[in-house]
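Notes follow once the structure below has been shown.
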Amino acid sequence: MIKFDFQTYIKPFIDENKFNELYSKKNEYIDKLNSLEMTGWKKEIDRNTINNIEQTANYIKSNFECLVVIGIGGSFLGSYSFHQAFKKYFNDNSFEVIYAGTTLSSKYLDELYEYLKDKNFCINVISKSGTTMETTITYNLLKDLLKRKYSEEEVRRRIIVTTDKETGNLRKEVNEKGYISFEIPSDIGGRYSFMTPAHLLPLALNYNLKDIVDGYYDGKRFIDKAFEYAVIRKLLFDNKKQVECFTVYEESLYYFTEWLKQLFGETEGKNNVGIYPTSMVHTRDLHSLGQFVQDGNKILFETFIKIDNTKHFIKYNNDDLHTINNIVEDSVERAHFSGNTPCIEIELDELNESNLSELIYFFMLSAAFSGLLFGVDPFNQPGVEVYKKEVKESLNK
Ligand code: PA5
């Protein structure tokens, strides 16, 4: 269950007439969105794909000690942030999933190589294009390790590829070697690919896919709210609030805010427009960025992601700690609002898999609407391609 408050700490910053004018164009924007090609993420995922994912997850769990997921950006953040949100802080006993491919740090990769030497591991390399530099380098290094340890047939059993159906080097390799493989549909881009094997396979090792899949499509009911949120953000931007801070009160949601940053940053940030997304984890960051938010340059608005209830009851004196955390959250919102910072509230009744998945759909829908309201293509990322090209040219010199 998700609740939205777009009123209490927002009203003074939004011109009601402008809001009504833009909001009245909702159906026009829904039609615009529906007419775009890259909206496969709104379609139902087919049952066969879910069955194949579940079977492969069982195969991994019964044959190997851990899975190394290799991917970056939209081929990484969805499943990683979801897993971070739910794994235990201590003594986590979930099936071991290691993420690699997000860094060229030789320290990280050297230590990973060392760690995996004596492990019975397999790989899931994930890349829609099949050409991303960080993913390719990490994949080749770890494939090399597999080759040192195992026969050709055994290496083949340990590589699972998730990529485009037809194009790219990875698909070519799958066709040559016969690896287990999954498809990222051609009408779904990286940051919108949560409901594809790119994220569902790593998650199927530790989570019930039914909760995730059902929760995601439940998000469809919030289409009006998603558009309203997009309209409010656009009007705040026009009112010189050009930075959005996603604020959470649960450390485990830190990577969810990283997922949000990619989603909104890559969707809107083009043609010299867009809201700059940032994040804070409270109460920790109240003792660092809190000063700026309260008292600094008034360029910012905050989107609070609140959690109403928890299963973790800890008493402090006679009060429940989660209630104290929520009281702090409400107080901070009032304080920031008094310091001229608009605050948007989005509240989950509790942090569970179906709620988070529903929230993911809500934010993807809002981001897509926002892109359209900013007059940009929500689904391309020409800026990312520029750096990729530069790096490719430099490395090939
Ligand atoms: O959202 C996007 O499209 C990008 O962030 C990509 O996901 C990222 O660059 C990785 O691309 P690929 O999956 O092709 O390796």
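For the pair S94 and H83, the minimum side-chain heavy-atom distance is below 4.5 Å. Side-chain contact check for I346 versus F363: some heavy-atom pair is nearer than 4.5 Å. For the pair L300 and V293, the minimum side-chain heavy-atom distance is below 4.5 Å. Counting heavy atoms from C-beta on, the side chains of Y316 and I324 come closer than 4.5 Å. Residues E333 and T247 form no side-chain contact, since every pair of their non-hydrogen atoms from C-beta on lies 4.5 Å or further apart. No side-chain heavy atom of T49 sits under 4.5 Å from any side-chain heavy atom of L200. The side-chain heavy atoms of V68 and V97, taken from C-beta on, include no pair separated by under 4.5 Å. Side-chain contact between Y9 and I344 is absent, with no heavy atoms from C-beta onward closer than 4.5 Å.
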(Q) Applying salt bridge (Lys or Arg N to Asp or Glu O under 4.0 Å) to R148 and D144, what does each step give before you reach the verdict? (A) CA-CA 6 Å; R148 282 164 195 251; D144 184 60; 3.1 Å; yes

Q: For side-chain hydrogen bond (donor to acceptor under 3.5 Å, both in side chains), just list the numbers for Y99 and S79, CA-CA rounded to whole Å, side-chain angles, deciding distance to a tenth of an Å, and then say yes or no.
A: CA-CA 10 Å; Y99 285 81; S79 77; 2.8 Å; yes

Q. Step by step, would you call E266 with K261 a salt bridge (Lys or Arg N to Asp or Glu O under 4.0 Å)?
A. CA-CA 8 Å; E266 282 191 355; K261 285 186 212 171; over 6 Å; no

Q | Residue pair R233, E268: steps toward the salt bridge (Lys or Arg N to Asp or Glu O under 4.0 Å) verdict | A | CA-CA 11 Å; R233 296 173 74 258; E268 291 172 1; 2.5 Å; yes

Q: Quick one: do Q55 and Y59 satisfy side-chain hydrogen bond (donor to acceptor under 3.5 Å, both in side chains)? Show the steps, please.
A: CA-CA 6 Å; Q55 272 170 21; Y59 162 75; over 6 Å; no

Q: Might you work through the salt bridge (Lys or Arg N to Asp or Glu O under 4.0 Å) test for D238 and K18, ending with a clear yes or no?
A: CA-CA 11 Å; D238 293 343; K18 283 188 185 158; over 6 Å; no

Q: Under the side-chain contact (heavy atoms from CB on, under 4.5 Å) rule, what do T162 and N124 come out as? Steps first, then yes or no, please.
A: CA-CA 7 Å; T162 307; N124 179 200; 3.1 Å; yes

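Judged by distance alone, the side chains of Y80 and T102 never bring a donor and an acceptor atom under 3.5 Å apart. A side-chain donor from one of Y139 and E173 sits under 3.5 Å from a side-chain acceptor of the other. Between the side chains of R158 and N120, at least one donor N or O lies within less than 3.5 Å of an accepting N or O. Side-chain polar atoms of T341 and E302 form no donor-acceptor pair below 3.5 angstrom. Between Y115 and E111, the side chains place no donor N or O within less than 3.5 Å of an acceptor N or O (distance only, hydrogens not considered). In this structure, a donor-acceptor pair under 3.5 Å is present between the side chains of N355 and D349.
Using modelled atom types, one side-chain atom of T103 and one backbone atom of S105 make a donor-acceptor pair closer than 3.5 Å. Side chain of S193 to backbone of G190: a donor-acceptor contact under 3.5 angstrom is found. Side chain of N380 to backbone of P382: no donor-acceptor contact under 3.5 angstrom is found. Listed for the K241 side chain is a donor-acceptor partner under 3.5 Å among the backbone atoms of K298. Using a distance-only test at 3.5 Å, with no hydrogens or angles considered, no donor-acceptor pair links the side chain of N271 to the main chain of V273. Between the side chain of H199 and the backbone N or O of G74, at least one donor-acceptor pair lies under 3.5 Å. In terms of modelled atom types and a separation under 3.5 Å, the side chain of N239 and the main chain of F13 share a donor-acceptor contact. Using modelled atom types, one side-chain atom of D5 and one backbone atom of T8 make a donor-acceptor pair closer than 3.5 Å. Looking only at distances, no side-chain donor or acceptor of S354 sits under 3.5 Å from a matching main-chain atom of G215. Between the side chain of K149 and the main chain of K117, a donor-acceptor pair closer than 3.5 Å is present.
Atom OG of S181 is separated from atom CG of N175 by 7.5 Å, given to the nearest 0.5 angstrom. The line from CG of N297 to CG of N340 is 11.0 Å long, rounded to the nearest 0.5 Å. Atom OG1 of T163 sits about 5.0 Å away from atom CG of L170, to the nearest 0.5 Å. Note that the CD1 atom of I212 and the CE atom of M195 stand 7.0 Å from one another [nearest 0.5 Å]. Expressed to the nearest 0.5 Å, how far CG of L203 lies from CZ of F86 amounts to 9.5 Å. If you take CD on Q294 and NE2 on H336, they are separated by 5.0 Å, rounding to the nearest 0.5 Å.
One hydrophobic cluster, built from ILVMFWY side chains closer than 4.5 Å, holds both I50 and W41. Cluster membership check: Y361 shares its hydrophobic cluster with Y255, using side-chain heavy-atom separations under 4.5 Å among Ile, Leu, Val, Met, Phe, Trp and Tyr.
When ring centroids are compared, F82 and F194 come within the 6.0 Å threshold. You'll find the ring centres of Y29 and F369 outside the 6.0 Å limit. Centroid-to-centroid, the aromatic rings of F256 and F246 stay 6.0 Å apart or farther. Ring centroids of F121 and F64 are separated by 6.0 Å or more, keeping the two rings apart. Ring pair Y229/F4: centre-to-centre distance not below 6.0 Å.
Between K389 and E385 there is no salt bridge, since no side-chain nitrogen of the basic residue lies less than 4.0 Å from a carboxylate oxygen of the acidic one. With respect to the salt-bridge test (charged N to carboxylate O, under 4.0 angstrom), the residues E28 and K25 do not qualify. Salt bridge absent: K3 and E345 never bring a charged side-chain N and a carboxylate O closer than 4.0 Å. Remark: E152 does not engage R156 in a salt bridge, criterion side-chain N to carboxylate O under 4.0 Å. In this structure, K315 does not pair ionically with D320, as no charged nitrogen and carboxylate oxygen lie closer than 4.0 Å.
Pairing each heavy atom of T138 with each of A100, the nearest pair is CG2-CB, 3.7 Å. Residues Y89 and E250 approach most closely at OH-OE2, 2.7 Å, considering heavy atoms. Shortest non-hydrogen contact noted between I188 and K128 is O-NZ, 2.9 Å. For the pair T132 and T136, the tightest heavy-atom approach, listed with the atom from each and the gap, is O-OG1, 2.7 Å. Across all non-hydrogen atoms, the minimal contact from I126 to A198 is CD1-O, 3.2 Å. The shortest non-hydrogen separation linking M133 to L395 is CG-CD1, 4.0 Å.
No more than 12 heavy-atom neighbours from other residues, nucleotides or ligands sit within 6.0 angstrom of OH on Y276.
Annotation: cation-pi geometry not satisfied between K306 and Y249 (NZ/CZ under 6.0 angstrom from ring centroid, within 45° of ring axis).
With D164 as reference, S186 is the one residue of S129, S127, S186, P185 to meet the side chain to side chain contact (heavy atoms under 4.5 Å, CB included) rule.
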